[in-house]
Amino acid sequence: MGKGSIRDKISGEELLRLLRDNLRVDWREYVALVAYETDGNPFAVLAAVVLSQNTNDKNSIRAYLKLRQTIGVTPEAILEASYDDLVEAIREAGLPRQKASALKALAEAVVRWGGENYLLKAPPEELREKLMSIRGIGPKTADVFLSLVRKAPGVFAVDTHAARVARRWGLVGEKAGYDEISKALYNYFGPGNSEEAHRLIIALGRTYCKARRPRCRECPLRSVCPSAQ
DNA sequence: TTCCGGGTCC
DNA sequence: GGACCCGGAA
């Protein structure tokens, strides 16, 4: 099965260019960016990323907008709302009880940390650790925030697309865990490229490198990908 | 009616 | 490896 790595065919920089030239990223489709652009406050972005967990963007954007309209997306508003109202507001995102609890815990933590300013000022590594200590926030959610809002160096958020694509590119083995995949992608694309590369990989994963029945024959990377058929 | 997409915790 | 969940497509 040793299929080799895409690294042997093309540099990360060249691959980035190839992706950029062949895929269109619709930024409005990403709930984190919707939150970033419409509200801009760091808590709202984090809340939006929580809503997007295990949920397609259509559902998470709808849930975000409803939350925004019925309760509000600030730590104070989330803490003030009843659990049941919160669940109702975010229902369309799926896993609403789990996410309502996560939002409550996040709001509580942000208040304990002295407010949203901490999210903007804390050293990224310390913040990552603290975010991940909140039940309902894992590495992906923390890393999306750190790279999108904090532009933290050394971060590459790994969602289901990034993990699958990294495996198919031969950058990591089949059993690689989150941190290993994240490091491999970061090192390959290089500093400063995580955000763009991540968006493009998501677009690639949706359009060509799909979980089932990948469309290798039409894929713009077919000549360099070790998994192309 | 079943299937799909999509992270975190246990 | 199972539990948690929805809307929409097949």
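All values below come from the heavy atoms of this structure, side chains included, with hydrogens, waters and symmetry mates left out. The sequence lines fix the lettering, A, B, ..., with proteins before strands; numbering per chain opens at 1. Everything numeric here is computed off the predicted structure, so don't read it as measured data.
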key: Any A/N193 side-chain heavy atom under 4.5 Å of A/E13 side chain   = no

request  = For DNA chain B, determine which residues of residues 123-135 of chain A have any heavy atom closer than 4.0 angstrom to one of its atoms, and list them numerically.
outcome  = A/I134, A/R135

ask   = Does anything in residues 151-173 of chain A reach DNA chain B, meaning a heavy atom under 4.0 Å, and if so which residues?
value = A/D159, A/T160, A/H161

Distance below 4.0 Å between A/R213 side-chain N/O and B/dC4 OP1 or OP2 = no

query = Atom CD1 of A/I61 and atom C1' of B/dG5: how far apart are they, to the nearest Å?
reply = 14 Å

query = If you round to the nearest 0.5 Å, how far is CG of A/D57 from CZ of A/R62?
reply = 11.5 Å

query = Mind checking whether A/V144 and A/V45 have side chains closer than 4.5 Å, heavy atoms only?
reply = no

remark   = Nearest heavy-atom approach of A/L103 to A/I78 is O-CG2, 3.7 Å

task = Could you check how far CG of A/D57 sits from P of B/dG7, rounded to whole Å?
result = 9 Å

task = With a 4.0 Å heavy-atom cut-off, tell me which residues in residues 63-75 of chain A come close to DNA chain C, sorted by residue number.
result = none

note = Between A/A47 and A/V73 the two heavy atoms that sit nearest each other are CB-CG1, 3.8 Å

key: Length of the CG-P vector between A/N56 and B/dC3, whole Å   = 18 Å

query = Listed in order of residue number, which residues of residues 83-112 of chain A have a non-hydrogen atom at under 4.0 Å from DNA chain B?
reply = A/L95, A/Q98

inquiry  = Please check if the number of heavy atoms outside A/E80 that lie under 6.0 Å from its CD is greater than 12.
reply    = no

remark   = What one should report as the nearest heavy-atom pair of A/K99 and A/A93 is NZ-O, 3.0 Å

message = List the residues meeting salt bridge (charged side-chain N to carboxylate O under 4.0 Å, His left out) with A/R215, not counting sequence neighbours, and say none if there are none.
response = A/E218

key: Distance test, side-chain N/O of A/K58 to OP1/OP2 of C/dG7, below 4.0 Å   = no

message = Using every non-hydrogen atom in the two residues, find where A/A162 and A/V158 come nearest and quote the distance to one decimal.
response = CB-CA, 4.0 Å

ask   = Counting only heavy atoms not in A/K58, do more than 12 fall under 6.0 Å of its NZ?
value = no

query = Which part of the nucleic acid, if any, lies within reach of A/S60 when heavy atoms closer than 4.0 Å are counted: base, sugar-phosphate only, or nothing?
reply = nothing

ask   = Under 4.0 Å between a side-chain N or O of A/R212 and OP1 or OP2 of B/dC4?
value = yes

inquiry  = What is the distance, to the nearest angstrom, from the CZ atom on A/R62 to the C1' atom on C/dC5?
reply    = 14 Å

ask   = Got a sec, which pairs hit ring pair (Phe, Tyr, Trp, His ring centres under 6.0 Å) with one end in residues 131-154 of chain A, sequence neighbours left out?
value = none

ask   = Atom OH of A/Y178 and atom P of B/dT8: how far apart are they, to the nearest Å?
value = 7 Å

request  = Looking only at non-hydrogen atoms, find the nearest pair between A/S5 and A/G170 and report the distance.
outcome  = CB-O, 3.4 Å

task = Round to a whole Å and report the spacing from NZ of A/K210 to P of B/dG5.
result = 8 Å

query = In terms of hydrophobic clustering (I, L, V, M, F, W, Y; side-chain heavy atoms under 4.5 Å; direct or indirect links), are A/V111 and A/L127 co-clustered?
reply = no

key: A/T55 side-chain N/O to C/dG7 phosphate OP1/OP2 under 4.0 Å   = no

message = Is there a path of hydrophobic side-chain contacts, each under 4.5 Å between heavy atoms of I/L/V/M/F/W/Y residues, joining A/L95 to A/V87?
response = no

key: Rounded distance in Å - CD1 (A/I202) to C1' (B/dG7)   = 13 Å

request  = Calculate the interatomic distance between A/N59 atom CG and C/dC4 atom C1'; express it in whole Å.
outcome  = 15 Å

